[in-house]
Every structure is written in structure tokens, then in C-alpha cells.
Engineer: 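Structure below; questions to follow.
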Amino acid sequence: MRLLRHLMGSRRTVASNRTLGLLLAFNAGAVNAGGFLVVHIYTSHMTGIVAMLADNFVLGNMKLVLGALGALWAFMSGAGTTAIMVNWARHRRLRSTYALPLLVEAVLLLLFGLVGAITLSWPTPFAVPLAVLLLAFLMGLQNAVVAKMSSAQIRTTHVTGTVTDLGIEMGKALYWNRSGAPPERQVHANRQRLALHAGLLGMFLAGGLLGAAGFKYLGFICVVPLALALLLLALPPLWSDRQHLRLAWQQWRQRHGRNDMPPRLPPHLD
């Protein structure tokens, strides 16, 4: 329990960011690759989504343009939701600053695993089923969590930046320094960054393999263990903040309840 609190605590360390980033990269790979078998679109790949939007706009396929806009909007909404929740928790000095969005992701992912088939038939204004928007929202939510806690040094839902940084460090490691060159002019790889980005790539790939196999052979239910793992990460710091959260909920209810109640008449007019 103490380890989980440290892993999800508001005070971040390089080690906790690295560990959480690797775990969430695995989760993102599983949801992204597995979800593709269901909705036929990579819902974390905003580069491809924007390119699809441009291509189909030129080709005049407005249905696919609308679908791309929906996925883009959902991903941005997920990231925006994380920003709101994290800043709200920071202002109240909560320990569960980053656990709140992960709790939302866990609950939505659990519902998707249990009743996800229904979302494939629910239409949306964006000409794509609700499942596409839900998965894109989850990927934006998660990516923003790790980006904020690591000061944008770690991304988990896509690998373009990860592979780029990995390639840069590999190039540094292979660079031939001239003999006799002063130390300040020599090129050296950052081995910690090299290991981090290699690990993120490997975990995303491992998650993708497991997610694709799970959706192929088990269906939607395969994401339930992923949701439970996220719950396991989120609950310890939330439990530590339970009194603060309960107080905030009561204040919210009182404030909105008072505004919603009709004005009381004087007793002699009742």
C-alpha cells in the first residue's frame, strides 16, 4: 500500500515517473491495439487522425472527416479533463492529484469491458460509434496524466516521440569521439533516457500484443484486468484523501442544493 501511495503521490521522483510511465505505456498499447480490432481506428494516434482528416477533406469524404474531428475532439477533451482534475486537486493540496483522472479512466474502461458491445451501436453526431469517442477520450486522459506528472518528459499513448528520442540517444551512443578531444566537446548518450524510452517502446509493444490477442480471443472482457490494475493504482492515495474529498463533495452539494431549492414562503403564507 505504501509503495502504491509513493507511486501515485503528488510529490514526484524520477523513479516513480519512470515506473508509472512504463505501466501506463503497457495499458495504452493494449487499449490502442485491441481497440483497433473493434473500431478499426487507432484512437491514440492523433498524427494519423489529423492526416486522415486532411486526406478525406480533399477527397470529399465528409463522413470520415467528421469521424476524425470526433476522435480529435474526444482526445482533447480527455486531456482537458485531466488538466481540470489535476489543477483542482493541486489547489486543495491533495495527495491524489494524479489518482483522480486514473480513477475516471479505470471506471470508464471497466464499463467498456462489461458493456462495450453496446457502444458499437450507439450513434454520435460525428458519424462514428460511441466506442471510438470513448477510447479516444481515455487515451487523451491518460496521456495528459503522465505528461503533467513528468513535466511532459514521458508520453504513454503514442510512440513517435519515444522512438525519436530513442533514436537520438542511440545516435549519441554510436558517435565516434575523436581521440584527444576535450571532455566538454565529446558526445555521450544519456543512458537513463535510453533505457527509459526503450522500456516505454517495449511496454507499449507488449501491451499491444496482449490487447490484440485479448480482443481477438476474449472480446471486450479482456480490458477488465486493465481497469482493475488502474483502480489498484488510484485507490490508495484516494483513500488517504477520503476526508478531504468527502468535505469537498458535501460543500458542492450544499452550494448547488441551495441554488436549486425554490425560495421558501414565510410561515404565515404557506
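Please read all numbers here as calculations on a predicted model, not as lab measurements. Numbering of residues begins at 1 and proceeds along the displayed sequence.
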Engineer: Applying the 4.5 Å side-chain criterion to the ILVMFWY set and letting contacts propagate, would L22 and L205 be lumped into a single cluster?
Structural biologist: no
Engineer: Under 4.5 Å between any side-chain heavy atoms of L135 and M139, yes or no?
Structural biologist: no
Engineer: As an exercise, state the distance from CZ of F75 to CG of L141, rounded to the nearest 0.5 Å.
Structural biologist: 10.0 Å
Engineer: F204 and M170: same hydrophobic cluster, using ILVMFWY side-chain contacts below 4.5 Å?
Structural biologist: yes
Engineer: With rounding to the nearest 0.5 Å, note down the distance linking CG in L24 to CG in L200.
Structural biologist: 10.0 Å
Engineer: Does N61 offer a backbone N or O that forms a donor-acceptor pair with the side chain of N56 under 3.5 Å?
Structural biologist: no
Engineer: Is there side-chain contact between K172 and N190, with heavy atoms separated by less than 4.5 Å?
Structural biologist: no
Engineer: Please find the pair of heavy atoms, one from A89 and one from L100, that lie closest to each other, and give the distance.
Structural biologist: CB-CD1, 4.0 Å
Engineer: Does R242 reach the main-chain N or O of W239 with its side chain, forming a donor-acceptor pair under 3.5 Å?
Structural biologist: yes
Engineer: Assess whether side-chain contact (heavy atoms from CB on, under 4.5 Å) is satisfied between E169 and D165, documenting all intermediate values.
Structural biologist: CA-CA 6 Å; E169 297 304 329; D165 291 338; 5.6 Å; no
Engineer: Measure the spacing between OG1 of T43 and CD1 of I49 and express it to the nearest 0.5 Å.
Structural biologist: 8.0 Å
Engineer: What distance separates R191 CZ from R193 CZ, expressed to the nearest 0.5 Å?
Structural biologist: 14.5 Å
Engineer: Looking at F220, I want to see if its CZ is surrounded by more than 12 non-hydrogen atoms of other residues, nucleotides or ligands under 6.0 Å.
Structural biologist: yes
Engineer: Just verifying a value: how many Å separate L20 CG and M149 CE, rounded to the nearest 0.5 Å?
Structural biologist: 4.5 Å
Engineer: Determine the minimum heavy-atom distance between A68 and L53, stating which atoms define it.
Structural biologist: CB-CB, 3.8 Å
Engineer: Would Y98 and L238 show up in the same hydrophobic cluster when neighbours are defined by side-chain heavy atoms closer than 4.5 Å?
Structural biologist: yes
Engineer: On the 0 to 90° scale, with breaks at 30° and 60°, tag the F36-H40 ring pair as parallel, tilted or perpendicular.
Structural biologist: perpendicular
Engineer: For K148 versus A83, what's the shortest heavy-atom pair and its separation?
Structural biologist: CD-CA, 4.2 Å
Engineer: Donor-acceptor pairs under 3.5 angstrom involving side-chain atoms of residues 101-128: please list them, not counting sequence neighbours.
Structural biologist:
residue: E105; atom: OE2; partner: N27; partner atom: ND2; Å: 3.2
residue: T119; atom: OG1; partner: G116; partner atom: O; Å: 2.5
residue: S121; atom: OG; partner: I118; partner atom: O; Å: 2.9
residue: T124; atom: OG1; partner: F126; partner atom: N; Å: 3.4
residue: T124; atom: OG1; partner: V128; partner atom: O; Å: 2.5

Engineer: Does one hydrophobic cluster hold both F215 and L218, with members joined at side-chain heavy-atom distances below 4.5 Å?
Structural biologist: yes
Engineer: Could you go through V86 and R90, starting from their C-alpha distance and side-chain angles, then the distance that decides it, and tell me whether this counts as side-chain contact (heavy atoms from CB on, under 4.5 Å)?
Structural biologist: CA-CA 6 Å; V86 167; R90 281 176 175 172; 3.6 Å; yes
Engineer: Where is the tightest heavy-atom contact between W88 and A248, given as atom of each residue plus distance?
Structural biologist: CZ2-CB, 3.8 Å
Engineer: Heavy atoms only: give me the nearest H158-S44 pair and the separation to one decimal.
Structural biologist: CB-O, 4.2 Å
Engineer: Counting N and O atoms only, with roles assigned by atom type, does the side chain of D241 sit under 3.5 Å from a partner on the main chain of S96, one being a donor and the other an acceptor?
Structural biologist: yes
Engineer: Would you say the side chain of L226 lies within less than 4.5 Å of the side chain of L230, judging by non-hydrogen atoms?
Structural biologist: no
Engineer: For residues M52 and M46: do they belong to one hydrophobic cluster (side chain heavy atoms under 4.5 Å, members Ile, Leu, Val, Met, Phe, Trp, Tyr)?
Structural biologist: yes
Engineer: Identify the heavy atoms of L94 and H244 that sit nearest to each other, and give their distance.
Structural biologist: CD2-CB, 3.6 Å
Engineer: Look up atom CD1 in I154 and atom CG in N143, then write down how far apart they are to the nearest 0.5 Å.
Structural biologist: 11.0 Å
Engineer: Decide yes or no for L72 and M76: does some side-chain heavy atom of the first lie under 4.5 Å from some side-chain heavy atom of the second?
Structural biologist: yes
Engineer: Does Q186 CD have over 12 foreign heavy atoms under 6.0 Å away?
Structural biologist: yes
